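Following: one structure in structure tokens, then a few remarks.
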Amino acid sequence: MAKEELIQFEGLVTEILPDARYRVQLDAGHEIVAYTAGKMKKNRIKTLAGDRVTVEMSPYDLEKGRLIFRHKDERASTPGGPPRGAQRGGQFRRR
């Protein structure tokens, strides 16, 4: 017997819950509770309220999901900003 395929939805994180869980409002209108996938934890990808995410869900339980991708925010990339590390000035790096 083959495993069922996982379903992917996009949504918006509305609330951060204890125990590394999030309340996500899906684009379809449903609200679910999701947890962070292991690869996101491993790569230290932080998710905040208001972030757009992709959620993976089992067809058997449509109330729970797993965050598998955090979409980049368009506001974060400002082309006129100073280069990284140029804020402090000087030639020495702090340890």
Side-chain angles (χ1 to χ4, degrees):
M1 200 166 176
K3 262 174 115 173
E4 288 290 327
E5 291 293 319
L6 297 174
I7 307 168
Q8 289 187 4
F9 293 103
E10 290 195 13
L12 185 73
V13 176
T14 56
E15 185 181 357
I16 300 174
L17 303 171
D19 216 19
R21 296 187 184 271
Y22 304 92
R23 190 170 313 277
V24 179
Q25 179 77 35
L26 299 178
D27 291 344
H30 297 304
E31 193 168 75
I32 65 165
V33 174
Y35 64 93
T36 307
K39 284 198 173 192
M40 289 181 69
K41 286 181 186 176
K42 178 184 168 194
N43 293 313
R44 295 185 179 144
I45 297 172
K46 303 293 180 198
T47 306
L48 302 173
D51 286 348
R52 298 274 313 155
V53 292
T54 300
V55 179
E56 196 173 64
M57 297 170 60
S58 167
Y60 297 112
D61 188 5
L62 298 175
E63 298 295 318
K64 297 177 191 168
R66 176 174 52 218
L67 298 181
I68 59 169
F69 189 78
R70 182 178 70 85
H71 297 275
K72 292 195 178 198
D73 190 13
E74 292 83 21
R75 294 173 290 144
S77 60
T78 56
R84 188 171 182 192
Q87 293 93 357
R88 296 185 199 263
Q91 66 187 33
F92 299 107
R93 278 191 354 202
R94 191 180 260 191
R95 285 188 176 186

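Just so it is clear, the structure is predicted and the values come from calculations on it, not from any experiment. If you read the sequence from its start, that first residue is 1, and numbering goes on from there.
- Looking only at side-chain heavy atoms (C-beta outward), Phe9 and Met57 come within less than 4.5 Å of each other.
- Residues Thr14 and Glu31 form a side-chain contact, since some pair of their non-hydrogen atoms from C-beta on lies under 4.5 Å apart.
- Between the side chain of Arg66 and the main chain of Val55, no donor-acceptor pair closer than 3.5 Å is present.
- The CD atom of Gln25 lies 12.0 Å from the CD atom of Glu15; values are rounded to the nearest 0.5 Å.
- Asp51 places a side-chain N or O within donor-acceptor distance of the main-chain N or O of Leu48, the cut-off being under 3.5 Å.
- When hydrophobic clusters are built by joining Ile, Leu, Val, Met, Phe, Trp and Tyr residues whose side-chain heavy atoms come closer than 4.5 Å, directly or via intermediates, Leu17 is not grouped with Ile45.
- Under a 4.0 Å N-O distance rule, the pair Arg52/Asp27 qualifies as a salt bridge.
- Side-chain atoms of Leu67 and Thr47, non-hydrogen and from C-beta on, do get closer than 4.5 Å to each other.
- For His71, the NE2 atom is densely surrounded, since the number of other residues' heavy atoms within 6.0 Å is greater than 12.
- Cluster annotation: Leu6 and Val33 are assigned to distinct hydrophobic clusters (Ile/Leu/Val/Met/Phe/Trp/Tyr, side-chain heavy-atom contacts under 4.5 Å, transitive).
- In terms of hydrophobic clustering, with Ile, Leu, Val, Met, Phe, Trp and Tyr side chains grouped at heavy-atom distances under 4.5 Å, Tyr35 and Val53 are assigned to different clusters.
- Two residues are said to be in side-chain contact when any heavy atoms from C-beta on lie closer than 4.5 Å; Val24 and Glu10 fail this criterion.
- Taking hydrophobic clusters as Ile, Leu, Val, Met, Phe, Trp and Tyr residues chained together by side-chain heavy-atom distances below 4.5 Å, Tyr22 shares a cluster with Ile7.
- With rounding to the nearest 0.5 Å, the separation of CD in Gln8 from OG1 in Thr54 is 6.5 Å.
- Across all non-hydrogen atoms, the minimal contact from Ile32 to Glu63 is CB-O, 3.5 Å.
- Lys41 and Thr36 make their closest contact through CE-O, 3.7 Å (heavy atoms, listed as atom of the first residue, atom of the second, distance).
- Residue Met40 comes nearest to Phe69 through the heavy atom pair SD-N, 3.8 Å, listed as atom of the first residue, atom of the second, then distance.
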